[in-house]
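Reviewing the structure listed below.
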Amino acid sequence: MTRHSKEQFTFSSLAALTSMKNDYFRSRVMPDFLKKLENSMLDVGKWPVFALLSPEELRLIRKACVFGSAANEALYVTLNDEVFALGTNCSGCLGLGDLQSTIEPRRIDVLCGKKIVSLSYGTGPHVVIATADGEVFAWGHNGYSQLGNGTTNHGLTPALVSTNLLNKTVTEVACGSHHTIALTTDGEVFAWGYNNSGQVGSGSTANQPTPRRVSSCLQTKVVVNIACGQLCSMAVLDNGETYGWGYNCNGQLGLGNNGNQQTPCRIAALQGVNIIQVACGYAHTLALTDEGCVYSWGANSYGQLGTGNKSNQAVPTLINTDKERMVEVAACHTSHTSAAKTQSGQVLMWGQCRGQAVASPYITHFASTDDVFACFATPAVTWHLLTVDGDDYLTVAQSLKKEFDSPDISDLKFLVAGKCIHVHKALLKIRCEHFRALLNETDEVSIEIHQFSYLVYRAFLEYLYTDTINLPPEDAIGLLDLATFYSETRLKRLCQETIKRGISEENAITLLSAAVKYDAKDLEEFCFKFCVNHLTAVTQTQAFADMDHELLKNFISKASHYGAFKN
């Protein structure tokens with residue numbers, strides 16, 4: 001496409017193409033369009049709003065967000081931390097200082113170098129971001145003071161949200177249709193904007209022009225996760241409790257009734273269930289437990305609750321996902337689509353999918369939940385800030401990863417359980433003190449390893465090339481042992497995080513014992529809290545019956561201090 005023809009291409013043309021594309025999708029039965037589409041939008045370049053960007057421009061994108069009523073607006077962050085916008089610019093939501101649409105990306109100078117860590121948008125639309133420094137910027141539609149600046153004037157450029165937030169470090173932001181909430185490092189929630197149903201949690205239905213802390217029963221609580229539906233807000237506490245407030249006519253607050261709530265209210269039906277992540281659709285809610293189960297509640301006219309029917313649910317309902325552990329749930333306040341990702345990497349979807357109602361979780365061939373919203377949501381917007389891996393250009397880290405266990409240019413191999421692992425001496429010396437000492441004293445080109453399994457040792461060597469752990473949680477204990485043995489502090493920390501994802505009532509005591517054995521304090525505390533929160537089930541396991549006497553004594557003593565044995 002020439003530059004001239006590119007300039008003649010309008011967003012109405014793009015919308016027409018998208019509409020034709022959608023009609024085509026709807027003309028197919030589910031299996032047909034699943035097969036044709038599941039691999040069609042695996043990178044940011046396949047989102048229609050990015051269709052006119054050159055391959056060179058696409059390769060620079062590292063973070064992106066697609067939003068707007070027709071998915072015709074987008075913001076993206078480049079490899080060099082520059083921020084660009086393009087699209088129809090409704091209400092000045094592109095932050096460019098004017099109301100002009102643009103098919104050419106334009107830079108938002110005030111945001112360049114800010115390192116955006118969280119981004120959300122409303123349906124006005126308005127856009128809110130949090131930076132790595134904990135600052136909050138907002139712009140776009142402001143008819144209900146959702147920008148938090150005390151006025152109702154639309155914001156054409158990103159402006160710092162300062163009232164009550166200047167001494168706070170914000171880590172996460174979430175927007176409903178016309179309201180905004182923000183989470184701080186202290187576990188506090190601030191809210192502002194439209195409040196017709198109590199969604200800012202202030203105890204009234206008056207709009208909130210500037211950020212105000214959501215206190216009430218959250219006053220002394222620590223919040224770790226937030227989400228917004230169109231007219232409601234949700235918060236997850238560090239102890240796994242979940243609170244909701246705002247509009248509730250579809251039961252989206254999970255309280256067992258349909259009455260709106262002007263202040264946060266705990267979801268009593270989840271008593272004893274520890275939630276770690278919540279996601280809100282237009283009028284439904286998904287919640288992920290620490291055991292990898294998914295609960296849903298709220299509106300269900302498109303099957304978005306995944307219960308197999310279309311009946312609304314005012315209380316949390318456990319979804320049948322064939323018992324595989326889930327690690328992420330996804331929903332967007334603009335749609336009735338739901339998605340989840342399993343520990344093994346499978347992605348499931350349900351709800352409104354290109355005009356069709358899918359009432360039970362459907363296994364796709366996608367690699368991420370983002371692809372579900374790219375291909376099937378209406379509008380096809382991102383449900384969170386999309387992070388994109390590099391494409392053709394390989395960084396130093398990517399090049400090293402590519403050469404792991406490649407015999408072509410390796411100069412050393414490890415023999416573990418009769419299998420070879422090919423590596424490079426120079427890299428091992430640079431990355432690990434143990435190898436620096438070992439390889440300076442030997443000229444061997446082959447070294448046998450007996451004290452660790454092949455799976456564990458390969459994962460260790462791969463970590464030295466990639467900085468990541470490629471092991472399932474159940475096998476990471478062996479790697480934790482190795483990390484302790486080699487005094488690899490960072491690897492030890494990553495092992496603990498990996499092991500946490502695999503905890504269950506059956507293995508919690510085993511993992512607690514391993515944490516104590518390898519002096520993994522963070523994992524020990526995590527396992528202990530899990531055991532206390534699931535005490536009845538955990539004490540009935542064989543692992544608890546076989547528990548070391550000294551460990552058992554310490555466990556009971558510590559648990560009693562937490563009030564675990566009170567009535």
Side-chain angles (χ1 to χ4, degrees), residues 224-225 236 238-240 273-277 288-294 321 323-329 340-346 416 432 434 451-535 537-539 541-548 550-552 554-555 558-559 562:
V224 295
N225 180 234
V236 179
D238 61 347
N239 65 1
V273 177
N274 291 276
I275 303 301
I276 59 173
Q277 186 215 342
L288 177 67
T289 76
D290 61 353
E291 293 188 283
C293 299
V294 178
T321 52
K323 297 183 179 179
E324 185 172 0
R325 190 185 192 98
M326 299 292 150
V327 295
E328 180 182 73
V329 289
K341 188 172 185 177
T342 71
Q343 185 172 286
S344 66
Q346 286 188 317
V416 190
C432 178
H434 165 78
Q451 63 268 48
F452 300 106
S453 70
Y454 171 79
L455 193 67
V456 165
Y457 213 75
R458 179 183 170 83
F460 168 50
L461 294 174
E462 187 173 5
Y463 158 77
L464 297 179
Y465 279 74
T466 66
D467 267 334
T468 59
I469 295 176
N470 185 20
L471 265 184
E474 59 268 22
D475 294 316
I477 293 177
L479 191 57
L480 178 63
D481 178 18
L482 183 149
T484 304
F485 182 76
Y486 285 160
S487 299
E488 287 286 332
T489 305
R490 183 177 182 275
L491 177 58
K492 190 172 180 178
R493 186 170 66 250
L494 290 178
C495 287
Q496 293 180 71
E497 293 304 316
T498 301
I499 293 168
K500 286 178 186 178
R501 295 198 294 270
I503 197 168
S504 67
E505 292 168 348
E506 283 296 320
N507 68 15
I509 291 294
T510 302
L511 298 185
L512 176 63
S513 301
V516 172
K517 179 179 179 181
Y518 300 120
D519 194 31
K521 298 297 185 185
D522 184 52
L523 179 61
E524 180 183 346
E525 188 64 21
F526 177 85
C527 293
F528 171 76
K529 287 182 178 179
F530 184 94
C531 289
V532 170
N533 289 331
H534 300 266
L535 193 60
V538 167
T539 55
T541 63
Q542 188 60 44
F544 186 83
D546 298 337
M547 199 173 181
D548 174 78
E550 190 64 27
L551 182 60
L552 176 60
N554 291 337
F555 175 80
K558 188 175 179 181
Y562 275 74

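Throughout, numbering of the chain's residues begins at 1 and tracks the sequence.
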Inset, instruction - Start with the C-alpha gap between H534 and D290, add the side-chain angles, then the distance that decides, and say whether side chain to side chain contact (heavy atoms under 4.5 Å, CB included) holds. - result: CA-CA 11 Å; H534 300 266; D290 61 353; 3.3 Å; yes
Closest contact, heavy atoms only, [X] versus [Y]:
X	Y	result
I499	A476	CG1-CB, 3.6 Å
A543	T510	CB-OG1, 3.7 Å
V273	T289	CG1-CG2, 3.6 Å

Inset, instruction - Keeping to residues at least two apart or across chains, list the salt bridge (charged side-chain N to carboxylate O under 4.0 Å, His left out) pairs with something in residues 451-468. - result: D405-R458, R431-D467, D467-R490
Interatomic distance, [X] atom [atom1] to [Y] atom [atom2] [nearest 0.5 angstrom]:
X	Y	atom1	atom2	result
E324	T342	CD	OG1	3.5 Å
F555	T539	CZ	OG1	8.0 Å
N274	L288	CG	CG	11.5 Å
R325	S344	CZ	OG	12.5 Å

Legend entry - Parallel, tilted or perpendicular, as decided by the 30° and 60° cut-offs, for the rings of F452 and F485: perpendicular
Inset, instruction - Return the orientation label for the Y463 and F460 ring planes: parallel under 30°, perpendicular over 60°, tilted otherwise. - result: parallel
Inset, instruction - Without swapping roles, check the side chain of R501 against the backbone of G292 for a donor-acceptor pair under 3.5 Å. - result: no
Inset, instruction - Could you walk me through whether T484 and D519 pass the side chain to side chain contact (heavy atoms under 4.5 Å, CB included) test, one step at a time? - result: CA-CA 8 Å; T484 304; D519 194 31; over 6 Å; no
Legend entry - Pairing of D481 and K517 as salt bridge, 4.0 angstrom limit: no
Legend entry - Step-by-step side chain to side chain contact (heavy atoms under 4.5 Å, CB included) determination, L491 to I469: CA-CA 8 Å; L491 177 58; I469 295 176; 4.0 Å; yes
Inset, instruction - Return the set of residues passing side-chain contact (heavy atoms from CB on, under 4.5 Å) with L552 (not counting sequence neighbours), or none when no residue passes. - result: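 If we apply the side-chain contact (heavy atoms from CB on, under 4.5 Å) test to L552, skipping adjacent residues, the hits are F544, M547, I556.
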Inset, instruction - Taking side-chain contact (heavy atoms from CB on, under 4.5 Å) as the test, write out the residues that go with A515, two or more places apart. - result: A520, L523, E524
Inset, instruction - Using ring-ring contact (aromatic ring centres under 6.0 Å, His included) as the criterion, list what pairs up with Y465, not counting sequence neighbours. - result: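 Per chain and number, Y465 pairs via ring-ring contact (aromatic ring centres under 6.0 Å, His included) with F404, H424.
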Inset, instruction - Applying ring-ring contact (aromatic ring centres under 6.0 Å, His included), name anything that partners Y518, two or more places apart in sequence or on another chain. - result: none
Legend entry - side chain to side chain contact (heavy atoms under 4.5 Å, CB included) partner of C531, chosen from I503, L511, V538: V538
Legend entry - CG/D238: more than 12 non-hydrogen atoms of other groups inside 6.0 Å: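 Atom CG in D238 is crowded, with more than 12 foreign heavy atoms closer than 6.0 Å.
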Legend entry - Close side-chain approach of R493 to D522, heavy-atom, < 4.5 Å: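 Side-chain contact under 4.5 Å: no.
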Inset, instruction - Kindly write out the residues that satisfy side-chain hydrogen bond (donor to acceptor under 3.5 Å, both in side chains) with K341, not counting sequence neighbours, or none if the list is empty. - result: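 None.
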Inset, instruction - Decide if the gap between the ring center of F528 and the ring center of Y562 is smaller than 6.0 angstrom. - result: yes
